[in-house]
2 protein chains.
Amino acid sequence: MASTTSRLRSRAKPASADSGNDRLDSHVLESLVGYNTRRAFLVIGAVFAERMAAYGLKPVDFSVLSLLAHNPGATSRQLCAKLDILPPNFVNIVAAMDRRGLIERKPHPFDGRAVGLHLTPAGEALVKEAERAVIELEAEASSKLSARERETLIRLLQKIYL
Amino acid sequence: MASTTSRLRSRAKPASADSGNDRLDSHVLESLVGYNTRRAFLVIGAVFAERMAAYGLKPVDFSVLSLLAHNPGATSRQLCAKLDILPPNFVNIVAAMDRRGLIERKPHPFDGRAVGLHLTPAGEALVKEAERAVIELEAEASSKLSARERETLIRLLQKIYL
DNA sequence: TATTGTTATACTCTATAACTATA
DNA sequence: TATAGTTATAGAGTATAACAATA
């Protein structure tokens, strides 16, 4: 999701034979939860990428850090299950945050195969800032919704995936 | 999104030192529109992939076909703008559906650079079936929502991206 | 000079198979 | 025999630069 942001809403001059850029009838698509959910996610994802680049965090990085902040010692297996990430794809994510000094791996208390993941002090500090930034960015991205509408939206989305 | 489906809800026997697979505290993530939107999309996307494989249609293919059904002669440029697809990435999508005999390219009435995209009779037939299938699959994927809740959900999502 | 469609390309994301060490 | 973590790798998805034909 590199520069998705720059592609949104390009209101240029009505050049040539483009008989109405977005004057296409899309009533079927717009009646679908899947289509609308994806479109909304793309917008929020673009705002996220734009704002969180300052912290060097992609959505998955933020999710892992936030989860570790509230579940110290969680294992890769647990985080993968929670976030629907395949273990092989999780290895580099953890390794990168380890190299950045945000997390560290400690032996699991009673399972020699597993590794407990913990935030370092630097990780703790970053996740505090990051959570504030995300909450702020979310408020802006959903600024057309009232507080009550936003709660309703989240509740309805959770009825689909929970 | 190949076999995302198979990874959902794997209720196996509680094996070893996994002290609670999904017993992780994720209250911060679950309070975010971005996180919930993505999770809901993943579920619906998995159902879509599972059901629409029979028609050989991915979400983007269906979107293009549905758009062409209601906007015959639309150009690649218009479809790219509507669906937020980059033109280079659209070339193969159109070419594949052309090879399948679902669409055909006709010269644009008054712009020699552009190409009008049209459904073939086979494309028309497929999109009719596909739209029925998607509407059915959507109803099941959002079966925990009442008709009114589903409308509300779509309305709120559109307030974010429209 | 700008736009449509295109090629080539690269980077990210997601997926499977198979290995190791532990259980 | 099964699980946690890992390696290697392949396939989508998504991005940019640059070109030809047309406006």
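For the numbers below, each heavy atom of this structure counts, side chains included, while hydrogens, waters and symmetry mates do not. Each chain gets a letter, A, B and so on, in the order the sequences are listed, and its residues count up from 1. Quick caveat, the model's predicted, so the values are computed rather than measured.
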How many whole angstroms separate atom [atom1] of [X] from atom [atom2] of [N]?
{"X": "B:Asp111", "N": "D:dA21", "atom1": "CG", "atom2": "P", "value": "16 Å"}
{"X": "A:Phe90", "N": "C:dT12", "atom1": "CZ", "atom2": "P", "value": "18 Å"}
{"X": "B:Lys58", "N": "D:dT14", "atom1": "NZ", "atom2": "P", "value": "10 Å"}
{"X": "A:Leu42", "N": "D:dT14", "atom1": "CG", "atom2": "P", "value": "8 Å"}
{"X": "A:Lys106", "N": "D:dG5", "atom1": "NZ", "atom2": "P", "value": "16 Å"}
{"X": "B:Leu86", "N": "D:dG13", "atom1": "CG", "atom2": "P", "value": "14 Å"}
{"X": "B:Phe48", "N": "D:dA12", "atom1": "CZ", "atom2": "C1'", "value": "16 Å"}
{"X": "A:Gln78", "N": "D:dG5", "atom1": "CD", "atom2": "C1'", "value": "14 Å"}

> For residues 51-71 of chain B, which residue pairs qualify under ring-ring contact (aromatic ring centres under 6.0 Å, His included), counting only residues two or more places apart or in two chains?
Replying inline: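 For residues 51-71 of chain B: A:His27-B:His70.
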> Mind checking what makes side chain to side chain contact (heavy atoms under 4.5 Å, CB included) contact with B:Arg100, not counting sequence neighbours?
Replying inline: B:Leu57, B:Leu102, B:Leu126
>> Just to verify, what does A:Ser143 make a side chain to side chain contact (heavy atoms under 4.5 Å, CB included) with, not counting sequence neighbours?
In response: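 With sequence neighbours excluded, A:Ser143 shows a side chain to side chain contact (heavy atoms under 4.5 Å, CB included) to no residue whatsoever.
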Could you give the side-chain donor-acceptor pairs of residues 28-36 of chain A under 3.5 Å, partners two or more places apart or in another chain?
residue : atom : partner  : partner atom : Å
A:Glu30 : OE2  : A:Ser26  : OG           : 2.9
A:Ser31 : OG   : A:Val28  : O            : 2.7
A:Tyr35 : OH   : A:Arg39  : NH1          : 3.0
A:Asn36 : OD1  : B:Gln158 : NE2          : 3.0
A:Asn36 : OD1  : B:Tyr161 : OH           : 2.7
A:Asn36 : ND2  : A:Glu30  : O            : 2.9
A:Asn36 : ND2  : A:Leu32  : O            : 2.7

> Between A:Arg38 and B:Gly112, which is nearer to the 5' end of DNA chain D once each is assigned its nearest nucleotide?
Replying inline: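 This one resolves to A:Arg38.
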> Heavy atoms, side chains only, cut-off 4.5 Å: are B:Leu137 and B:Met52 in contact?
Replying inline: yes
> Closer to the 5' end of DNA chain C via nearest nucleotide, is it B:Gly116 or A:Val60?
Replying inline: B:Gly116
>> Can you tell me whether the side chain of B:Arg77 and the base of C:dT4 have a donor-acceptor pair closer than 3.5 Å?
In response: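 Checked by distance alone, the answer is no.
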Expected rows: protein N/O vs nucleotides 6-11 of chain C N/O, under 3.5 Å:
residue : atom : partner  : partner atom : Å
C:dT6   : OP1  : B:Arg105 : NH1          : 2.7

> Between D:dA4, C:dC13, C:dG5, which one does the side chain of A:Ala114 approach most closely?
Replying inline: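 Of D:dA4, C:dC13, C:dG5, D:dA4 is nearest to the side chain of A:Ala114.
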> Considering only C:dT3, D:dA2, C:dC13, which nucleotide approaches the side chain of B:Arg113 most closely?
Replying inline: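 Nucleotide nearest to B:Arg113's side chain: C:dT3.
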>> Going by the rule side-chain hydrogen bond (donor to acceptor under 3.5 Å, both in side chains), which residues pair with B:Thr37 if we only count those two or more places apart in sequence or in a different chain?
In response: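 Checked B:Thr37 against side-chain hydrogen bond (donor to acceptor under 3.5 Å, both in side chains); zero matches.
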